[in-house]
Each structure stands twice: as C-alpha cells, then as structure tokens.
Amino acid sequence: MSGAAATRRLSPTLLVGLGILGLFALAALAAPVIAPYDPIYQEATARLQPPSFAHPFGTDNFGRDILSRIIFGARVDLQMAAIGVFFPFVIGTFIGALAGFFGGLVDAVLMRLIDIILAFPFLVLMLSIIAILGPGLSSFYIAMALVGWVSYARLIRAQILVLKTADYAVAAVSLGFSKPRVLFRHLLPNAVAGSVVFCMSDAVLVLLSGAAISYLGLGVQPPTAEWGIMVAEGQAFLSQAWWITLFPGLSIVVLAFGFSLIGDALGEMMGVHE
Amino acid sequence: MKSAFRTSRLAAFAALLSLSASFAATSVAHAAGVLSIARNEDSTTFDPIKSAQNVDNWVFSNVFDVLVRVDATGTKLVPGLAESWSVSDDGLTYTFKLRDAKFSDGAPVTAEDAAYSLIRIRDDKGSLWSDSFKIIDTATAADAKTLVVKLKSKSVPFLSMMALPNASVLPKKLVEGAAADTFAEKPVGSGAFSLVEWRRGDRIILKKNPNYWDAAKVSLDGVEWLVIPDDNTRMLKIQAGEVDAAITVPFSRVAELKKNADLTVISDPSTREDHMLINHEHGPLAKKEVREALDMAIDKKAIVEAATFGLGEVAYSYVPKGSLYHYADNLQRPYDPEKAKKLLADAGASGLTLNYIVNAGKETDEQIAVLVQQQLSKAGVTVNLQKVDPSQSWDMLVTGDYDISVMYWTNDILDPDQKTTFVLGHDSNMNYMSRYKNEEVKALVEAARLETDPAKREAMYVTLQKMAKADVNWIDLYYSPYINVTRKNISNFHQNPLGRFFLEETVKN
Amino acid sequence: MSATPAPDPLLSVRDLTVTVRGEAGERTLIDGVSLDLAKGEILGLVGESGSGKSLLCRALVRLLPSRALAIAGGSVRLAGRELTTASTAEMEAVRGGAIGMIFQNPSSHLDPVMRVGDQISEGVIFHRKLDRVAARAEAVAIMEQVGFTDPARQYSNYPHEFSGGMRQRAMIAVALACDPDILIADEPTTALDVTIQAQILRLLMELRERRGLSIILITHDLGVVAQTCDRIAVMRQGGVVETGAKRQILTSPQHPYTRALIASHPSMPVDYEASEVDDQASQADQAQPFAPAPTPPLAPRPLVEIDDLQVRYPVGGGVFTRRRFFSALAGVSLQIMPGETVGIVGESGSGKSTLARAMLGLSPISDGHVTFDGDSLRLTPAATLARMRREAAMVFQDPFNSLNPRFTIGETLAEVLRVHGKVAPSAIPARVEELLRLVELDPALAVRRPRQLSGGQCQRAGIARALAVDPRLIVADECVAALDVTIQAQIVDLFRRLVATMDLTLVFIAHDLAIVRHLCQRVVVMHHGRIVEEGPCAEVFARPREAYTAALIAAIPDIDPDRRLLMPPASVLSS
Amino acid sequence: MHRYSFILTRPLQFLPVVFGVSLITFILVRLIPGDPARVLLGARATPTAIANIRAQYGLDEPLWLQYFYFLRNLLHGEMGTSIVYKIDVLRLIATRIEPTLALVVASVVLSILIAVPLAALAARHQGRPIDHVIRIVSTFGIGFPPFWLGLMLIILLAVTVPIFPVSGYGDTLFQKLAHLFLPALTIALSLSTVLLRSLRAAMVDWLKSDVATAARARGVPESVVFWRHVLPNSIAPSINLLAVNIGWLIGGTVVIESIFALPGMGQLLVRAIFSRDYMVVQGVAMVFACATVMVNFLADIATVAADPRVKL
C-alpha cells in the first residue's frame with residue numbers, strides 16, 4: 001500500500017542497516033591503514049593481554065592484536081557473506097526459474113532433486129566437500145552453493161508459478177516474445193524481490209555456518225583472521241581471556257544485525273514477507 | 001502409565017518454571033563410592049583385540065587383567081595375573097605361573113584361558129594386533145595354572161608386549177561360544193571392575209568386581225566414564241562438581257583450574273613426545289643440512305611456552321624422558337634463525353617453501369603451526385599451512401603428500417623397541433612416513449631387539465638416539481605430561497607413563 | 001416503496017471529517033459529510049473509486065483502516081447517541097449490535113479457517129450473551145432466512161466451500177446475526193454475476209421489509225441504486241455533491257458530476273433501434289450503424305474458425321484415484337469474419353476467458369480445432385502460432401497487472417516493436433509516440449511506470465501495446481470490468497473509433513451485457529462452457545431465444561427507476 | 001476424508017528421496033581422502049593389517065558392488081557393521097536416536113513458547129516501542145554463534161548459578177528435561193527469532209485484513225479478534241518455515257550435542273565422518289533423510305489441518 005511512499009524515502013531501518021554494513025566494508029577496505037597492528041604479528045611478550053590503550057580489544061594467546069584481527073577479518077567475513085550468498089542466489093534463481101516456468105518433467109525432476117538436498121544432512125555434505133577439496137574458503141563456497149541454492153530455487157519457483165499466470169506474462173506470450181525473453185526479462189525481475197530479502201538472512205546463515213565449521217576444526221586456514229575461527233579458537237581461553245571470543249563474536253552479531261535490518265527494510269519496501 | 005507420564009511431565013514443567021529445584025544435584029546422584037570421570041571420547045568396543053585406541057585401553061585396564069603389568073613409574077614390569085615367569089636360556093620359551101584369580105562371573109582364570117587369548121590376538125580375523133603377536137609360535141597350558149609360550153625367534157621386548165591391555169586374558173568359554181560381538185556387549189574379565197551398562201555416546205558404568213584377586217585393595221564401589229567431547233564443557237562440568245575427575249585437560253586451562261580450591265590438578269609423566277615429521281624425499285629436505293637448519297630455526301622453548309603454557313618440556317630425543325634408555329645428554333641444537341638461514345643458503349635452499357599439514361581440531365597442534373610458521377619465516381622459509389582432518393592428514397603423510405607435519409607418539413609398551421622400529425627401523429611404514437633411510441641405523445635397531453644384556457642394550461639405544469639426532473630424522477619438539485583434574489576429595493588418581501589409570505588404588509572420600 | 005424521511009432520523013451524520021497524517025502533513029479524506037438515514041430507509045451512496053464512500057462508512061463505526069487516519073471533526077449520532085466519542089466497549093456493542101456491515105468481497109472478509117456457522121454465532125455470543133448451543137440454533141435460523149438450503153449441515157462448512165453468492169449470503173447472515181437496526185452494505189454485489197447480484201439485492205430488500213432495517217448501500221453502479229434505493233447521495237473526492245430522493249436525482253440531476261455519471265451508464269436501450277433489426281441472422285450481410293462494414297465481400301473466409309473446441313483441466317485425482325477433469329470448454333464452434341466485432345458474454349465460469357485464450361493458442365486445447373485465417377493450430381501449430389503472434393493481440397482485464405510493473409510504458413511498447421521488427425529501430429520512438437496518440441494518451445506519459453498511471457491510462461497503454469503489432473484481430477478480455485463507469489464509457493468509445501478506422505476484427509469479452517450491446521455487431525452467450533445463443537446483437541437482446549439469455553438480460557439493473565429488477569427464475573440458473 | 005488422501009500417496013515420493021540421499025552419501029564419503037582401516041589401526045598400521053581390515057569390511061570390492069551389497073542389505077533391513085564400533089549400524093543408531101529427537105522436539109516447543117507470545121505482543125503494538133524492542137532483540141538473536149551462546153548459558157545457568165546441569169543426558173524423564181533445557185534454549189534462541197519474525201509479519205497482515213475488519217464490524221472485542229481470527233490464520237505460513245528449519249536442525253544439532261555432551265546422532269555422525277566409518281555415515285544420513293521427509297510430511301498434514309482450503 002505505502003510502497004510508493006516507502007521507496008521515495010529511505011526508512012531508518014535501512015539507513016542503520018546500510019550504515020553498519022558500510023562501516024564494516026570501510027574497515028575491510030581500509031584495513032591496512034586503520035588497523036593498529038599486523039593481524040598475524042605475534043608479540044611473545046604480550047600474550048593474553050586484556051583490553052588496554054595499546055590493544056583496545058586485548059590480545060590473543062599469540063600476542064596478536066584482536067582489534068587488528070577483527071578489522072582484517074572483516075575482509076574475509078564480508079567476502080564469505082557475499083560469495084556465500086551470491087552463487088546460491090544465482091544458481092537457485094536460475095534453476096527455480098526454469099522449474100517454475102517450464103513445469104512438467106523439468107519441474108518434477110528438479111523438485112525431487114531439491115527434496116533430496118533438503119533431506120541430505122548438511123554437515124555430511126559440508127565436511128565431505130571440505131575433505132575432498134581440501135579446506136579453505138573455496139571449498140566452503142562450493143559446499144554452501146551446493147546446498148544454499150535450494151532455498152532460492154524454491155522461492156523463485158513459487159514466485160514464477162504465480163507470476164506466469166499474471167496478465168502481463170500472458171500478454172508477453174501473446175505478443176510472440178520468445179520464452180527466454182518472457183522468463184528472464186519479464187518474469188524474473190519481478191520474482192526476485194523475495195529472494196533479495198532472503199539473501200540478507202542467508203548471509204547471516206553463511207557467517208554462522210562458517211563459524212560452526214570452524215568449531216568443528218575445519219575452517220579458514222590459520223593464521224588468517226576470520227571472526228568465526230577467532231571465536232572458535234578463543235574458546236580455549238574463555239574463562240581467562242573473555243575478550244578473545246567476545247569481540248569477534250560481537251562483530252558477527254552486529255554484522256548479522258545489519259544484514260537483518262537491510263533485509264527487513266527491503267522486505268517492507270518490496271512488500272515481501274519471508 | 002499414561003497418566004503417570006503426564007503427572008511426571010507436569011511436575012517437571014512446574015519445576016522448570018519455578019527453577020526452584022537444583023537440577024545439578026539430581027545429576028550427581030552417584031553412590032558415594034562411585035568415581036565419575038569425564039573424558040572426551042567414548043569407547044568403541046569391549047573386545048580388546050579389536051581396538052588400538054587409548055580411549056578403549058583405559059577401560060580395558062579396569063575390566064580386564066593382563067599376565068604382566070607395567071608399574072606406576074612406567075619403567076618396570078610387575079606381576080599381573082601371572083605371579084611369576086621365567087624365560088628359557090635361548091630366549092624362546094616363556095613360562096608363566098598364574099595366580100588364583102577369578103573372572104567377574106566367578107569362573108577361575110586358567111592357563112587355558114590365557115593361551116586361548118594369546119592365540120586369538122594372533123589369529124583372529126578381527127584382531128588389529130596380529131602382526132605384533134606373529135612372534136608367538138605356540139601358547140599352551142601345561143597345567144591349570146601354568147602357561148607356556150614358545151616364540152618363533154628371540155625377542156627381548158616380548159614380555160613388555162604381554163602388558164598390553166589388548167593381550168588381556170579373556171574367558172575362553174564365553175568368547176568362543178558367543179557370536180562375534182556378543183562378548184563385546186557383555187564382557188567378562190578379571191579386572192578390578194566389571195561392566196554394568198554401556199550407554200553409547202554417554203557413559204560406561206562399571207561396578208567393583210568382588211571376584212577380583214586383589215579386591216580387598218579396591219576402595220571404589222564403581223566407576224563411571226562419561227563422554228564430554230567439548231573441552232570447555234568438560235572443565236565446566238568438574239568445576240560445577242558434577243563429576244569427580246576430568247581427564248585430558250587442555251594446557252590452556254591448567255593455570256585457571258589450579259586456582260580453584262575445590263580441585264586438584266594432577267600432572268603425571270607420560271611417554272608422549274610431539275615431533276615434527278619431515279618428508280626426506282621432498283627436494284632440499286633430503287639434505288641433512290637443510291633439516292638441521294629447520295631444527296635450528298624452530299624455537300622449541302617458545303613453543304613450550306606458548307602452546308603448552310610452560311607445562312611441557314623441550315624434547316631432544318625420540319625416546320621420551322623418563323622412559324627406558326632415554327639419553328639425557330643428547331644433542332640440542334640451539335635456536336638460531338640467522339645461522340639456519342645461512343645453512344639453508346649454503347645448501348642452496350634459500351627461499352624454501354614448505355607445505356605444512358596441520359591436524360584440524362587439535363588446539364595445540366594448530367597453535368604450534370601458527371608459531372612455527374612465524375619462526376621459520378625468520379629463517380627465510382615460507383610455510384603454507386594446510387589444515388585437514390586427522391584421518392586425511394594420515395593419508396597424506398602415508399602418500400608423502402607433505403613437507404612437514406607435527407605428530408605425536410605415546411608408547412604403549414615399556415620397551416623402546418616398538419617405537420624405535422617404527423621410527424628408525426625401516427619397517428613397512430617408511431619410518432613413520434618420514435622416508436628416512438640409514439642402513440647403519442637399521443642394522444642397529446635389529447641388533448638391539450635381540451640384545452639381552454641390559455647394559456649393552458642401553459648403549460645401543462643411546463647410539464641410536466645420537467644417530468637419529470645427527471641425521472635429523474625428525475625434529476623433536478616437546479615432552480608433555482598427562483594432565484588430569486579431580487575434585488579435592490579424590491586421592492590416588494594416577495596414570496602411569498603408558499597411560500594406564502590405577503583406579504583400583506583411587507579413593508573417593 | 002419510497003419512504004419519506006422520518007423527521008427524526010435513526011442515524012444522523014453532521015460535518016464528518018476524516019484526515020490522514022502523512023509525511024507531507026495532514027490531508028482531508030472525508031470532507032464535512034452530512035447524511036441522514038431514516039428507519040426502514042435504503043440510502044444509496046454512489047461514487048467512483050476513491051470518492052471516499054467506503055471510508056465514510058467505516059468512519060461511522062470508527063473502524064478506520066489505519067492508525068494514521070482520524071476523525072477530525074463532526075458528529076455521528078445513532079438514535080440520539082453520539083458515536084464519535086463513545087467508549088471502546090460502547091462501540092463494540094454498536095458494531096454488529098446496532099450497525100451491521102456487509103462487505104464487497106465476501107471471500108476476503110470471511111475467516112477462511114473458521115466454519116461459516118461459527119462466524120455467524122460469534123456475534124450472537126458477544127451481543128446477545130447466548131451460550132454456544134443457543135447461538136448455534138440462532139445462527140442456523142438466520143442462515144435459513146438468508147437462503148441457505150440446508151443450514152444445519154452448511155453451518156459446519158468453510159467459506160471456500162461455497163459459491164460467491166452463497167458467501168455473500170453468509171456475510172449478510174453474519175451481519176444480521178445480532179439483529180442490527182442499520183445495515184451498511186459496501187458494494188455487496190460488485191464481485192458477483194448479474195443474476196446473483198439480482199438475488200442478493202432482492203434479499204436485501206426483503207429483509208428491509210421483513211425487519212424494518214435501514215440500509216446504507218454503497219455502490220458505484222447507478223443501476224443498482226435505481227433498482228433498490230429510496231434516496232441517493234452522490235460522493236466525489238471525499239464530499240457529498242448531491243443528495244436527494246432517487247427519482248429526483250436520476251431524472252433531474254443538479255450537479256454536473258451526477259449528470260456525467262448518469263450519462264456514462266451503459267444502460268440497456270429498451271426500444272432503441274430494435275425495429276431496425278430484421279430476422280435474417282446471416283453473418284455476411286450486416287449493416288450495423290456502428291461499423292462501416294469494411295469487409296470485402298469477396299473474402300468470405302472467416303478469420304478465426306473454431307470447431308468443436310474442448311478444453312479440460314485435470315482436477316484432483318492421484319495415484320490411487322481416477323483422474324477427474326473439469327471441462328472449461330465443452331465443444332464450442334464459432335466463426336469470426338474479418339472486420340467483425342463479436343461480443344462474448346456469460347457469467348463467471350462460463351468459459352468465455354478460456355475461449356479467448358484458446359483462440360489465441362494461449363491455453364492447451366484438449367480436442368477440436370482452431371483455425372486462424374486458414375492455418376490450423378492443430379495441424380501446423382508452430383506456423384499458426386507464429387502467425388497469430390504477428391497478427392493478433394490481446395487486451396486484458398486488470399489494467400495494472402497486464403503491464404510489466406518494472407517497465408515504463410515506452411519501454412513496453414518499444415519492446416514489442418523491436419521483437420516484431422516491423423519498424424526500423426531508429427523509427428521506434430516515433431512509432432511509440434504515434435501509438436500513444438492513437439489511444440489518446442499524452443506521449444509524455446511514456447516515461448511512467450504502470451503504478452504511476454490511473455487505471456484508465458493503463459488500459460489505454462494496454463490497448464496501445466496490442467496495436468503495436470499491427471494486428472488484424474484484437475481479443476479484449478473483460479478489459480473494462482475493473483474501471484469506473486465514466487472511464488468505461490471512454491474506453492468503449494476508443495474501441496469503437498479504432499474498429500471504425502483501422503480495419504480490425506474485435507472479439508470483446510464481457511460479463512456486462514449492456515456494454516456488449518453498445519459495442520458489438522454480434523453477440524455470443526456462453527454458459528457452462530457451451531455457446532447457448534448467438535446472433536446479431538440487437539436481435540438477441542430484443543428477442544432472446546433461450547431462457548438463460550433472457551434471465552441474464554432481465555437481471556441487469558437498469559438506471560431507469562421504473563423498470564423492475566427481475567429476479568430470474570431459479571430453474572434457469574441452477575445447474 | 002478426501003483432503004487427507006495425500007497421506008496415502010505421499011509416502012511413495014519418499015522412496016526416491018531416501019534412495020537419492022543414500023546414493024549421494026555413498027559416493028561422497030568414499031571420495032573423501034582417508035581410509036577407515038588406517039584410522040582404526042592408528043600409528044601402528046602396517047600394510048598387511050590394513051589389507052586385512054579392508055577385506056573384512058568389503059572395502060576392497062569395486063564401488064558399484066559395494067553399493068549393490070549396501071542396497072541388498074537394506075532390503076533385509078540391515079545397514080552393515082560399523083568399522084569403528086564393530087556392531088550393527090542400526091543397533092548403534094538406535095542407541096543414539098532418542099537424545100537428538102528429544103532435543104529437536106524440545107527446541108521446537110521452546111521456540112514456539114518464546115515466539116508466539118512475543119510475536120503477538122509485537123504485532124498488536126506494531127510500530128510502538130515494545131514492537132521495536134522485540135524486533136531489535138530478536139534480530140540480534142539471529143547472529144549469535146550457537147556454540148558461543150551455549151557455553152555462555154552453561155557458565156551462567158549451570159556454573160555461576162547452578163540451576164541446570166552442565167551437560168549430559170539423564171535417566172528419568174525429569175532428569176532428561178533438566179538436561180535438555182539449556183541445549184534446547186540455545187537452539188530456541190535463534191530458531192524462535194526466525195519464527196517470531198515470520199509470525200509477526202503474518203499477524204500484522206492479518207490484523208489489517210478484511211477478516212479482522214469484518215470481525216470487528218460485528219462487535220468482536222479486539223483480543224478475541226486476535227486469538228480467534230488473526231492467530232489461526234497467521235500460523236499456516238509459519239508451519240512451512242518451521243518444517244524447513246526443523247529439517248536443518250535434524251542434521252545440524254552436532255555442535256550443540258557436542259557442547260552439551262548429548263549422546264545423540266549428530267555427534268555419532270561427526271565422529272563417523274572423521275573416522276571414515278562409511279556404514280555409519282550412510283546409516284545416519286539415511287535416518288536423517290527419513291526424519292526430514294517425515295517432518296515435511298507432518299508439516300503438510302499440519303498445514304491441511306490448519307487451513308481447510310489447502311488441498312495437497
């Protein structure tokens with residue numbers, strides 16, 4: 001109803017969300033400039049230092065500066081969130097669009113495939129892929145893409161099923177537009193709104209999956225600074241050095257908060273509910 | 001039944017909501033004399049020949065008994081089920097005299113049972129120890145209490161192997177008669193405790209075995225081995241007083257636990273040695289000078305400080321400190337990254353890049369990796385860390401798909417021969433995957449196995465330790481103790497260097 | 001029938017003003033409206049969309065749709081009691097208890113997950129404080145009154161299990177459950193077919209007689225008002241422009257807007273030109289006054305020929321049960337000659353839209369043939385479809401939904417031109433402008449998206465898009481149903497001009513017989529997937545052969561207050 | 001009834017799903033570098049011992065033959081023998097099902113108990129401060145890594161203030177509930193936020209809906225409008241969301257199980273993957289797949305029950 005009014009003026013929710021994301025993005029871009037220390041530099045004499053002026057967020061068990069690691073970690077985590085969402089989004093959108101548009105056998109086969117993947121224990125896939133391809137971000141992305149597309153495919157398929165009966169879709173067909181044109185120029189742009197909103201909560205999911213994999217011992221390669229792995233590694237020192245886990249943990253929470261806000265605001269703007 | 005279920009559920013909910021009851025109290029509903037021990041992994045089986053894992057051995061030692069035991073110091077063999085034994089002059093025939101002992105079901109332990117158990121570990125298809133016990137030619141019961149074992153060839157370490165929990169004496173009648181895994185579900189042994197229940201993934205419940213030959217000495221009424229995989233949770237569990245003991249305490253937690261007045265942190269010497277494997281077949285690593293340079297470029301003291309929190313000790317020989325024939329004066333190359341850099345340059349290996357396989361999920365290993373990476377960079381060596389899960393790293397080590405990797409070894413027998421053979425003796429595992437080759441060393445390993453004179457034998461092992469160090473077969477990193485923690489009311493909770501818990505001596509006050 | 005307003009009205013509205021707080025400050029939505037409603041009176045509240053008639057009625061019971069809206073001034077007095085300042089509890093007693101409401105769309109106003117009977121007894125329980133059993137009995141009794149045939153059983157049915165007409169009856173039953181004095185009926189028949197509409201209107205009038213109800217009937221259709229109301233209030237832009245007795249308003253409207261409204265009404269001209277039509281029904285020689293009959297006499301080949309066309313959809317059934325089919329079209333045969341203007345009429349579900357889509361190859365055909373200018377869709381599907389796409393175009397019902405919301409009007413038109421390639425790329429902008437002028441749209445609107453246009457403008461853009469292919473055939477599917485009457489009249493005029501000037505064949509589908517009567521030469525009446533009657537327009541409307549057609553025509557509410565609204569005999573409609 | 005006839009036909013669709021899962025699992029776990037025999041033997045592995053073990057478990061056969069045996073065994077209701085635990089996989093799984101199942105159920109129940117009242121509160125005060133507080137707090141809740149949250153809960157509610165046990169599973173129902181509370185809460189804190197957002201959105205829509213307006217217009221008090229009309233209508237879309245999340249949960253409780261030492265299937269699965277215990281990985285994956293399929297099936301039934309219009 002108020003869609004037109006909402007698009008004209010950015011909602012405060014969106015502004016705060018974008019502000020948070022922008023702050024982290026800025027930190028990531030300017031990491032070498034603003035980080036007070038080298039994120040992998042170990043200072044043997046400064047292990048497990050509590051927050052101080054020299055180290056605002058304290059140091060870890062190697063004497064590395066937590067603040068600097070969080071700033072550099074923003075690079076990895078934002079990249080994880082972006083790539084971890086991008087490929088599932090693209091693949092899922094494409095497959096979902098095909099299934100919804102063509103229906104019939106294509107749809108039946110793809111839907112069974114989706115059922116299988118949904119029923120497949122995520123962890124088996126995650127750990128297997130990482131084991132098969134070797135640990136590292138690219139394996140993580142591949143595993144996320146293999147599983148993550150399903151949600152998008154389902155969302156898009158449902159949307160396309162509705163939209164393809166819309167008058168403008170029928171009109172496009174009746175005007176002799178080719179199938180790819182109808183699908184990709186007319187239906188898809190109108191169908192992706194829900195998925196774009198979902199992207200934001202998915203980004204949170206990706207970050208948390210990365211952290212969970214780190215907890216199980218397979219994540220980003222050391223000594224790379226990444227928030228999830230910092231939390232996981234810091235757990236060993238939970239009771240004596242709370243700052244090792246707290247600050248990267250908070251970073252995840254705040255970034256997730258930012259993503260959620262953006263998702264909420266986009267959803268409101270596009271009239272989409274999850 | 002249904003209404004009973006409902007009322008109890010209602011009661012549970014009421015309690016949950018009011019938060020009045022302390023649930024913690026309900027879960028420590030142990031009988032007074034039952035010792036609960038938290039560990040990080042569950043047992044896998046109760047058939048001793050089908051496991052090669054410490055988690056199983058710990059419990060095997062409680063439930064089963066062996067002919068010969070290793071004492072608490074880990075350096076002497078003492079009588080177990082065998083009261084005494086003798087060795088023939090040619091070293092081929094061993095005669096064991098069994099004491100009057102009973103299995104937990106009341107049946108006597110006979111020489112027949114002992115003979116059967118030894119033949120079984122050698123011949124059974126499911127045995128993981130066949131190779132080690134191939135040396136046995138025959139095992140027969142001369143009479144009800146006399147076991148005669150004939151070896152195919154002379155072997156000094158044989159007696160030590162009899163102390164392996166895997167060679168425990170099992171009741172022939174029960175094992176033979178039962179289907180494959182029935183015995184493993186309801187094991188009967190002659191140890192200090194017997195199995196009451198095994199809740200897989202949760203706990204193993206043992207009770208005191210009244211038929212144990214030394215039952216009078218046993219103070220505990222029972223033992224519970226709880227599985228708590230997460231290190232934090234395990235430590236929190238004992239801090240909350242929900243268990244009596246927690247084992248494998250991470251180094252990082254020791255300082256904090258020591259501050260807790262309710263807890264006792266116990267540090268027992270072990271045979272564990274952490275070392276860095278080097279793939280001798282990979283390019284410049286074939287050169288002794290390069291390996292020497294790496295040894296010099298690694299600051300073991302810093303590793304001991306940072307990764308073991310000062311609880312370990314810098315290692316300098318593959319024979320662990322405190323164990324048989326350890327050579328205390330072995331060479332220790334000083335930490336000198338500059339010299340290492342020069343050595344590398346001289347050997348034409350400047351700008352060396354190494355692929356370092358790290359065992360994922362091992363806190364200390366990951367920390368060492370990060371430290372070593374930085375230390376070696378000071379000597380101009382680039383290290384690429386590759387974190388993989390332990391099963392896979394094992395595979396990569398076997399196929400030689402690595403340059404360096406940190407592994408550890410704990411002895412399970414008292415004699416140094418086993419480790420020496422695996423590490424230096426060119427056996428089928430490529431000298432512990434290092435691909436180290438030195439014919440002279442190999443010959444000496446063979447000779448040491450057959451030498452019966454302890455003094456001569458010690459000399460041979462000292463030489464071996466020196467030669468290995470000179471060749472840098474690997475880089476010794478550190479020795480570390482077993483660190484366990486108990487509540488203050490627990491006493492005599494100890495592990496010997498081979499890992500055996502002496503729970504028959506433990507007291508819960 | 002027409003009651004004179006009682007001196008002391010039951011409901012009295014004075015200077016009622018409703019405002020909305022927005023980002024740009026306050027705006028007035030209802031602007032000082034004053035109205036009276038006497039006991040037993042039916043007041044017709046007429047106006048086009050956006051005139052504020054629904055909002056006004058919500059304001060009466062203080063059910064404003066958003067918290068941004070507020071009653072800024074004026075008074076609403078119900079039997080002397082002021083409602084604008086009444087407490088929440090008092091208002092809850094008034095709502096349903098004194099004033100019952102019926103809404104336009106019973107499908108969305110009935111709770112889909114609650115049994116119909118429970119929704120009726122819900123109000124009974126709250127207002128009359130009856131227990132469940134008694135409330136149920138009461139609800140069953142009311143259901144019987146409003147025309148449920150088996151209320152005891154139907155009490156337990158869910159809304160979706162009823163037809164639209166029955167749902168509206170249920171809605172009425174909900175409103176009547178607490179025996180209110182006033183019934184506010186907000187467009188109660190707009191979503192219904194004409195025959196059902198007639199039934200519902202009759203029911204309302206009966207109820208008025210029987211219970212002495214006062215009714216406010218909100219509608220956009222002057223015909224409905226003419227057939228049912230005592231007095232009429234005409235609303236426009238939040239204000240009442242004219243109030244008065246029905247006859248006075250209809251015969252001598254004072255306000256120019258009222259006059260325009262009456263002029264736009266597609267009334268059925270009863271006797272007009274009926275004499276001109278003779279009995280020959282041959283399609284070839286039609287001399288209609290609307291079209292200049294450009295048909296070349298030497299080309300008798302029909303442009304579209306439909307032969308025993310059947311379209312079936314599977315419904316339900318699965319692995320274990322036999323598949324069942326719903327026949328949307330059960331053997332339709334029809335010929336459309338070049339240059340002809342054919343109207344297809346019928347109620348919802350009669351298959352007229354399916355026919356339109358099947359005619360253009362947009363719905364799969366189960367059986368039968370469609371031939372387009374000699375090419376059979378069955379025999380040479382690819383070639384025929386290709387021709388159809390180049391030579392035929394469609395105009396849709398929902399003006400907003402038929403245009404891609406992401407494209408501007410210009411982009412939409414340009415895309416068609418580009419895909420068809422009939423115009424050189426450099427000439428596209430000029431052609432777009434030309435098309436917009438053709439449908440009488442300001443070319444400056446080309447940069448707007450559908451949401452930034454009015455419904456009428458969108459529909460013109462939709463027609464422009466159809467014209468962009470240079471079609472020989474245009475199929476217009478209910479293309480004016482969603483528009484206000486004044487706009488409807490303009491669009492129909494536009495079609496008439498286009499047909500007259502452009503050598504077009506037009507298939508015009510509508511449920512509104514009056515419009516078809518105005519526009520078309522020939523009419524085809526459909527019922528349950530079959531053609532029940534066809535023939536020249538004037539003849540069919542003047543002398544329908546089938547009872548169904550007659551009932552359909554009779555049910556159209558005429559603007560003439562003297563014509564009685566006929567309820568068609570139930571036997572014709574039941575099936 | 002006809003609307004529920006899908007209950008008879010739907011199970012046929014389970015077969016391809018479970019079959020597909022078994023095939024993918026089979027291929028995937030065997031592609032992982034690493035050898036169960038070597039894991040079993042540890043540092044003392046010798047080539048002959050490895051060959052012996054491989055032969056014993058049929059790992060030396062060609063892959064297709066192994067899969068064929070697997071399927072054949074499956075038809076006899078067997079899933080093979082665990083390489084690590086040396087017992088029948090189905091028996092092994094049977095010992096570990098209950099804690100996982102209980103954890104999932106407890107988490108879902110707790111999530112609903114948290115989400116529904118809060119969503120109701122927020123929706124009924126849409127745009128007011130209480131709504132913003134609930135939304136912000138719940139949005140924050142999404143971002144906590146569960147393992148961190150779990151540990152914090154232990155420290156807070158089991159060690160500092162010893163109300164609940166630190167970890168483990170109990171004997172009696174009462175103990176089990178006590179042990180399940182913290183892990184279930186950990187999951188519920190993130191699951192409920194998802195649920196809350198979707199419920200709130202639906203409730204806000206339904207509060208503005210024609211149905212609510214019509215109910216108000218017949219004098220139904222606001223609270224009754226909410227509980228009798230808005231809530232029942234808002235539930236249907238959340239059922240699907242819940243089902244998808246339960247699906248994730250079934251295979252994703254590993255971390256929680258590990259932290260709270262719950263002897264469930266997640267832990268079994270991770271250990272099995274890390275020790276290349278192929279048979280167990282396959283078995284657990286198939287059980288998880290069946291459970292997920294069942295959950296979706298139940299969700300379908302619930303959807304049909306919640307909305308009389310739905311036909312499947």
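- Across D:Phe288, D:Trp248, D:Phe140, the residue that shares the most heavy-atom pairs under 4.5 angstrom with chain A is D:Phe140.
- Contacts of A:Leu250 with chain D are absent, with no heavy-atom separation under 4.5 Å from either backbone or side chain.
- Heavy-atom distances place no part of D:Met286 under 4.5 Å from chain A, backbone and side chain included.
- Of the listed residues (D:Gly266, D:Gly34, D:Ser190, D:Ser258), the greatest number of heavy-atom pairs within a distance under 4.5 Å of chain A belongs to D:Ser258.
- Between D:Trp148 and A:Leu246 there is a side-chain heavy-atom pair separated by less than 4.5 Å.
- Of all the heavy atoms in D:Pro16 and A:Ile116, the pair that sits closest is O-CD1, 4.0 Å.
- Within the 4.5 angstrom heavy-atom criterion, only side-chain atoms of D:Val254, from C-beta onward, approach chain A.
- When heavy atoms are compared at a cutoff of 4.5 Å, A:Val204 approaches chain D solely by way of its side chain, counted from C-beta outward.
- Residue contact with chain A, scored on non-hydrogen atoms closer than 4.5 Å, involves the backbone and the side chain of D:Ile24 alike.
- Closest of all the heavy-atom pairs between A:Pro121 and D:Leu269 is CB-CD2, 4.4 Å.
- Using a 4.5 Å cut-off between heavy atoms, D:Phe274 touches chain A through its side chain atoms alone.
- Of the two parts of D:Ile32, the backbone and the side chain both hold a non-hydrogen atom closer than 4.5 Å to a non-hydrogen atom of chain A.
- The candidate with the highest count of non-hydrogen atom pairs below 4.5 Å against chain D, out of A:Asp115, A:Leu207, A:Thr13, is A:Asp115.
- Your options are D:Leu151, D:Val244, D:Val293, and the one with the most heavy-atom pairs under 4.5 Å with chain A is D:Leu151.
- Between chain D and the residues A:Leu255, A:Val124, A:Leu205, the largest count of heavy-atom pairs under 4.5 Å involves A:Val124.
- Of the two parts of A:Phe122, only the side chain, counted from C-beta on, holds a non-hydrogen atom closer than 4.5 Å to a non-hydrogen atom of chain D.
- Note: A:Val231 leads A:Leu133, A:Val231, A:Ile252 in heavy-atom pairs under 4.5 Å with chain D.
- Proximity to chain D (any heavy atom under 4.5 Å) is shown, for A:Leu216, by both the backbone and the side chain.
- Considering CG of A:Leu125 and CD1 of D:Ile273, their distance stands at 9.5 Å, rounded to 0.5 Å.
- Side-chain contact between A:Phe120 and D:Thr292 is absent, with no heavy-atom pair separated by less than 4.5 Å.
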